[in-house]
Amino acid sequence: MHIAILTFEGYNELDSLIALGVLNRVRTDGWRVTLATPGPRVTSMNGVVIEQMSTLEEACAADAVIVGSGIATREVTEDPAIMTVLRGLDPARQLIAAQCSGALVLARLGLLDSVPACTDLITKPWVVAAGVEVLPQPFYAKGNIATAGGCLASPYLAAWTIARLQDRDAATDALHYVAPVGEKEEYVERAWRNIAPYLPAPAPAHGNPDGQTRVREDHRPESHGRGMPGSAEQPHLVV
């Protein structure tokens, strides 16, 4: 499984790097998490430079994509070279998620037509202007598309992605690992209250009727839901 986090110039470190850390808690052969950038290097809003781990073209072929946020997202949506590549994103064959202003990218790609979204308060007017209903909550998902609002909602997107591609146990383990000591149970419970309503119902024994063949459903009863040594890559931080 390849999960790509789209990371652009002026990116928000919390949005891209927290998701990277949570997703890399999965220790399964073939599980690969990358930061996908338009060029060889990008610099964050606070000056952190990272090197490219995958290209935008590779991200469009990934099993799951998280569109990160940053201070230059509107410029990204006005860049025809970038947007032409991102039109290769397809929720019929991959999970697509957006963090904060990443929702604006999805809106401009037409991926949020008739789908409400979550985003940060600064980005909200731009997403509304793009014709998308913005919800006053941290997380929302419909089918294979999810959005989150607020930097610290990033673990929700990561956990949703893990739950869809692996299972809820793996997602719970990842959330528990990053949760503050002394608050772990409370943190995990709160996360599932936000995420669980938007997970698919358990699939029937034969086949997947909704055609979303690239994602793995959770087959455990709902009452259990609260709850590679890797080839996972790490970003190269350039000092």
(request) Report yes if the side chains of Y11 and T43 come closer than 4.5 Å at any heavy-atom pair, otherwise no. (result) no

(message) Membership question, hydrophobic clusters at under 4.5 Å side-chain separation (ILVMFWY): are L106 and M83 in the same one?
(response) yes

(request) Keeping to residues at least two apart or across chains, list the side-chain hydrogen bond (donor to acceptor under 3.5 Å, both in side chains) pairs with something in residues 72-83. (result) T73-S101, T77-R108

(message) Please report the interatomic distance CG(D15) to CD1(I5), rounded to the nearest 0.5 Å.
(response) 10.0 Å

Name every donor-acceptor pair, under 3.5 Å, that has one atom in a side chain of residues 129-140 and the other anywhere in the protein, sequence neighbours excluded.
residue: Q137; atom: NE2; partner: F139; partner atom: O; Å: 2.8
residue: Q137; atom: NE2; partner: Y198; partner atom: OH; Å: 3.0

(request) Indicate if V128 and V105 have the same hydrophobic cluster label, given that clusters are the connected sets of ILVMFWY residues with side-chain heavy-atom separations under 4.5 angstrom. (result) yes

(message) Side chains of L23 and I66, heavy atoms from C-beta outward: is any pair under 4.5 Å?
(response) yes

(message) Test of understanding: with side-chain contact (heavy atoms from CB on, under 4.5 Å), list the residues that count as partners of L14, not counting sequence neighbours.
(response) N12, I18, C151

(message) List the residues meeting side chain to side chain donor-acceptor pair (under 3.5 Å) with S16, not counting sequence neighbours, and say none if there are none.
(response) T7

(request) Using the side-chain contact (heavy atoms from CB on, under 4.5 Å) rule, take I96 and L111 through it: C-alpha gap first, then chi angles, then the decisive distance, then the call. (result) CA-CA 9 Å; I96 299 177; L111 295 177; 4.1 Å; yes

(request) Enter the distance from D113:CG to I145:CD1 here, rounded to the nearest 0.5 Å. (result) 9.0 Å

(message) Can you tell me how far apart CD1 (I82) and CZ (R87) are? Round to the nearest 0.5 Å.
(response) 12.5 Å

(request) List in chain and number order the residues that pass side chain to side chain donor-acceptor pair (under 3.5 Å) with E9, two or more places apart in sequence or in another chain; answer none if no residue qualifies. (result) none

(request) Grab the two heavy atoms, one from C100 and one from T119, that are nearest each other, plus how far apart they are. (result) O-OG1, 2.8 Å

(request) For K184 and H176, indicate whether the former's side chain and the latter's backbone hold a donor-acceptor pair under 3.5 Å. (result) yes

(message) If I compare all heavy atoms of S69 with all of Q99, which pair ends up nearest, and what's the gap?
(response) CB-O, 3.3 Å

(request) For A117 and T147, work out which heavy atoms get closest and say how close. (result) CA-OG1, 3.4 Å

(message) Are T34 and L20 packed together at the side-chain level, in the sense that at least one heavy-atom pair is separated by less than 4.5 angstrom?
(response) no

(message) Taking the side chain as everything from C-beta on, heavy atoms only, tell me whether V22 gets closer than 4.5 Å to Y177.
(response) no

(message) Using every non-hydrogen atom in the two residues, find where L89 and Q94 come nearest and quote the distance to one decimal.
(response) CA-OE1, 3.2 Å

(request) Using the test side-chain contact (heavy atoms from CB on, under 4.5 Å), find all partners of A59 that sit at least two apart in sequence or belong to another chain. (result) A4, L6, A36

(request) Check the side chains of T123 and D120 for a donor-acceptor pair under 3.5 angstrom, ignoring hydrogens and angles. (result) yes

(message) Using 0.5 Å steps for rounding, measure from the CD1 atom of I162 to the CG atom of D169.
(response) 12.0 Å

(request) Report yes or no: does Q166 contribute a side-chain atom to a donor-acceptor pair with the main-chain N or O of A163 at less than 3.5 Å? (result) no

(request) List the atom of R32, the atom of M53, and the distance in Å for their closest heavy-atom pair. (result) NH2-O, 3.9 Å

(request) Please say whether the positively charged group of R168, taken as NZ for Lys or CZ for Arg, lies over the ring of W192, i.e. under 6.0 angstrom from the six-membered ring centre and within 45 degrees of the axis. (result) yes

(request) Keeping the roles fixed (side chain from D63, backbone from H2), state whether a donor-acceptor pair exists under 3.5 Å. (result) yes

(message) Please give me the minimum heavy-atom distance between R41 and V49, naming the atom from each residue.
(response) CD-CG1, 4.0 Å

(request) Could you list who else is in M45's hydrophobic cluster, with ILVMFWY side chains joined at under 4.5 Å, directly or through other members? (result) I71

(message) Apply side-chain hydrogen bond (donor to acceptor under 3.5 Å, both in side chains) to residues N144 and R164 and explain how you reach the verdict.
(response) CA-CA 9 Å; N144 285 349; R164 292 294 308 272; 2.9 Å; yes

(request) Using the test side-chain contact (heavy atoms from CB on, under 4.5 Å), find all partners of R190 that sit at least two apart in sequence or belong to another chain. (result) Y156, E186, Y187, R193, N194

(message) Run the side chain to side chain donor-acceptor pair (under 3.5 Å) test against D90 and tell me which residues pass, sequence neighbours left out.
(response) none

(message) With heavy-atom distances below 4.5 Å as the criterion, would you say the side chains of L95 and L165 are in contact?
(response) yes

(request) Please tell me if the side chains of R25 and D173 come closer than 4.5 Å, counting only heavy atoms from C-beta onward. (result) no

(request) Can you sort out the partners of A159 under side-chain contact (heavy atoms from CB on, under 4.5 Å), two or more places apart, ordered by chain and number? (result) A171, L175, I195

(request) Please name all residues satisfying side chain to side chain donor-acceptor pair (under 3.5 Å) with T37, sequence neighbours left out, ordered by chain then number. (result) Q52

